Amino acid sequence: MPKEYRTIADIAGPLMLVQQVAGVKYDELVEIELMDGSTRRGQVLEVSGDTALVQVFEGTSGINLESAKVRFLGRGLELGVSLDILGRVFDGLGRPRDDGPRIIPEARLDINGYPINPTARDYPSEFIQTGISAIDGLNTMVRGQKLPVFSASGLPHARLAAQIARQAKVLGTETKFAVVFAAMGITFEEADFFISDFRRTGAIERAVLFMNLADDPAIERIATPRMALTAAEYLAYEKDMHVLVILTDMTNYAEALREISAARKEVPGRRGYPGYLYTDLASIYERAGRIKGAKGSVTQVPILTMPEDDKTHPIPDLTGYITEGQIILSRDLHRKGIYPPIDVLPSLSRLKDKGIGKGKTREDHADTMNQLYAAYARGKEAKELAAILGEAALSETDKVFSKFADEFENRYVRQGEEEDRTIIQTLDLGWELLSMLPRSELKRIRDEYLDKYLPPQREE
């Protein structure tokens with residue numbers, strides 16, 4: 001039986017100082033019993049001599065310093081797991097939120113996970129089809145990769161996240177595919193959108209949802225992504241599933257981290273975020289990957305909204321250092337009514353070359369990807385030139401590239417929210433658009449592929 005203490009010395013925000021304790025460990029789970037018999041949970045943040053600093057998940061309001069009883073449970077925060085978690089909705093601390101029965105756990109896992117030995121990691125190399133051309137064709141996602149989406153307030157990243165969750169699949173494999181979806185600091189309307197969308201499309205059957213709402217305690221937000229990743233690791237490495245983890249919104253997570261850091265009176269780093277923001281984010285992102293000998297894998301798509309659309313803000317900046325590329329959403333494309341507004345030129349998947357080509361997508365994928373990039377970039381330059389000097393200043397070739405850029409945005413980038421394109425449809429669409437250009441301009445594609453795949457040149 002855990003020993004009880006009535007030695008609360010001080011309360012500040014979500015933090016509570018307990019004195020005269022013995023044998024208490026960092027990260028240990030704490031139970032606080034109030035006068036009315038209700039209990040709250042917390043976690044040990046710091047231990048100094050016989051004093052423990054505890055962060056309380058449900059907040060500290062109403063806790064009486066003299067009468068509240070504190071019990072240290074001797075274990076960290078855990079998630080009870082079994083295959084029954086599929087199809088269920090939980091709160092940020094892993095408690096059922098969907099009126100379903102409690103999970104009878106096959107195991108209880110520490111949510112902080114266990115470090116993966118770097119030599120045990122396997123290199124990501126298998127293509128994941130999201131059904132979205134701007135990702136599959138140009139910024140291909142690979143199984144075991146961490147590929148964040150950089151968005152901004154007002155852009156449809158929630159709709160994009162739901163679409164990826166519905167459509168993502170690993171081609172040519174018998175292994176089961178699951179989605180773990182964690183939402184942090186979202187509104188009730190957003191939570192309702194995600195849950196109803198998953199149920200409407202049947203995607204809930206292969207998904208586990210963790211929902212931390214904006215009015216839930218900030219402390220709970222810190223645990224939410226770790227809960228999700230613990231569920232993902234169980235499904236991947238114990239049940240041999242390919243798991244896609246979608247984390248939205250990492251900016252809300254970092255804000256909660258800053259709030260708790262301020263309550264602890266820590267010395268702030270850039271923009272008031274704690275100096276350990278980089279290592280904290282890394283402890284989440286680095287839980288993606290493949291392990292040698294394991295059939296399952298964990299692939300991550302963290303989504304974050306860039307404050308003031310600023311790519312140099314600490315959250316996107318540090319995320320970019322840790323992850324393998326980024327998908328950037330564009331406000332300009334969104335204003336044009338294009339969905340999904342993916343800005344393909346600054347977007348990047350550093351592992352795309354490992355997941356494409358013969359036997360994975362198609363032999364012509366790499367060449368057409370490079371050519372589409374180059375043609376779109378040249379078309380954008382031509383449009384900028386025309387805006388400054390007028391259409392008359394453009395050569396005939398520049399005019400063709402300018403038209404290509406419009407068609408590319410309207411037909412390749414733009415697609416329906418329910419439209420699930422196969423990689424073959426995406427590649428064929430790319431060839432159709434490239435047929436607008438003179439063959440002499442397609443310098444990045446080998447002749448053998450031009451002969452095999454290029455449709456007859458369009459007559460203008």
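Every value quoted in this text rests on a predicted model; they were computed, and no experiment measured them.
- Salt bridge status for D364 with K452: absent, with no side-chain N to carboxylate O gap under 4.0 Å.
- The only member of L454, T397, V400 that meets side-chain contact (heavy atoms from CB on, under 4.5 Å) when paired with L437 is V400.
- Between D428 and R362 there is a side-chain heavy-atom pair separated by less than 4.5 Å.
- The shortest side-chain heavy-atom distance between M141 and L244 falls under the 4.5 Å cut-off.
- Shown here are the side chain to side chain donor-acceptor pair (under 3.5 Å) partners of Q145, two or more places apart in sequence or in another chain: S349.
- Salt bridge absent: D406 and K336 never bring a charged side-chain N and a carboxylate O closer than 4.0 Å.
- A salt bridge between K383 and E409 is absent, with no side-chain N of the basic residue lying under 4.0 Å from a carboxylate O of the acidic one.
- Across all their heavy atoms, W431 and P455 have their closest contact at O-CD, 3.6 Å.
- In this structure, R258 forms a cation-pi arrangement with Y273, its terminal cationic atom sitting closer than 6.0 Å to the ring centre and no more than 45° off the ring axis.
- Under the 3.5 Å distance criterion, the side-chain polar atoms of Q300 are left unmatched by any main-chain donor or acceptor of L229.
- Of the possible donor and acceptor atoms, one in the side chain of Q167 sits under 3.5 Å from a partner among the backbone N and O of T130.
- Remark: the backbone N or O of T422 is paired with a side-chain donor or acceptor of Q425 at under 3.5 angstrom.
- Judged purely by atom type and a 3.5 angstrom limit, D216 uses its side chain to pair as donor or acceptor with the backbone of L213.
- No side-chain donor-acceptor contact under 3.5 Å links R97 to the backbone of F210.
- Salt-bridge formation is detected for the pair R378/D398: a Lys NZ or Arg NE/NH1/NH2 atom is positioned less than 4.0 Å from an Asp or Glu carboxylate oxygen.
- Using a 4.0 Å cut-off between a side-chain N of Lys or Arg and a carboxylate O of Asp or Glu, E324 and K354 do not qualify as a salt bridge.
- For R206 (side chain) and L86 (main-chain N/O), no donor-acceptor pair under 3.5 Å exists by modelled atom type.
- R226 contributes no side-chain N or O that, together with a main-chain N or O of G113, makes up a donor-acceptor pair within less than 3.5 Å.
- Using a 4.5 Å heavy-atom cutoff, the side chains of L372 and V344 are not in contact.
- Judged by distance alone, the side chain of E363 and the main-chain N or O of K358 form no donor-acceptor pair under 3.5 Å.
- The two residues E266 and P274 come nearest to each other via the heavy atoms OE1-CB, 4.3 Å.
- Ion pair R166/D420 not flagged as a salt bridge, since none of the NZ, NE, NH1 or NH2 atoms sits closer than 4.0 Å to an Asp/Glu carboxylate oxygen.
- Taking the charged nitrogens against the carboxylate oxygens, R331 and D343 have no contact shorter than 4.0 Å, which rules out a salt bridge.
- No donor-acceptor distance shorter than 3.5 angstrom exists from the side chain of E259 to the backbone of A218, with no hydrogens or angles considered.
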Side-chain donor/acceptor pairs under 3.5 Å, residues 177-188, sequence neighbours excluded:
unit_1: T187; atom_1: OG1; unit_2: E190; atom_2: N; d: 3.2
unit_1: T187; atom_1: OG1; unit_2: E190; atom_2: OE1; d: 3.4

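- Side-chain N or O atoms of D310 include none that pairs as donor or acceptor with a backbone N or O of M306 at under 3.5 Å.
- Shown here for I328 and S347, the closest heavy-atom pair between the two residues is N-OG, 2.8 Å.
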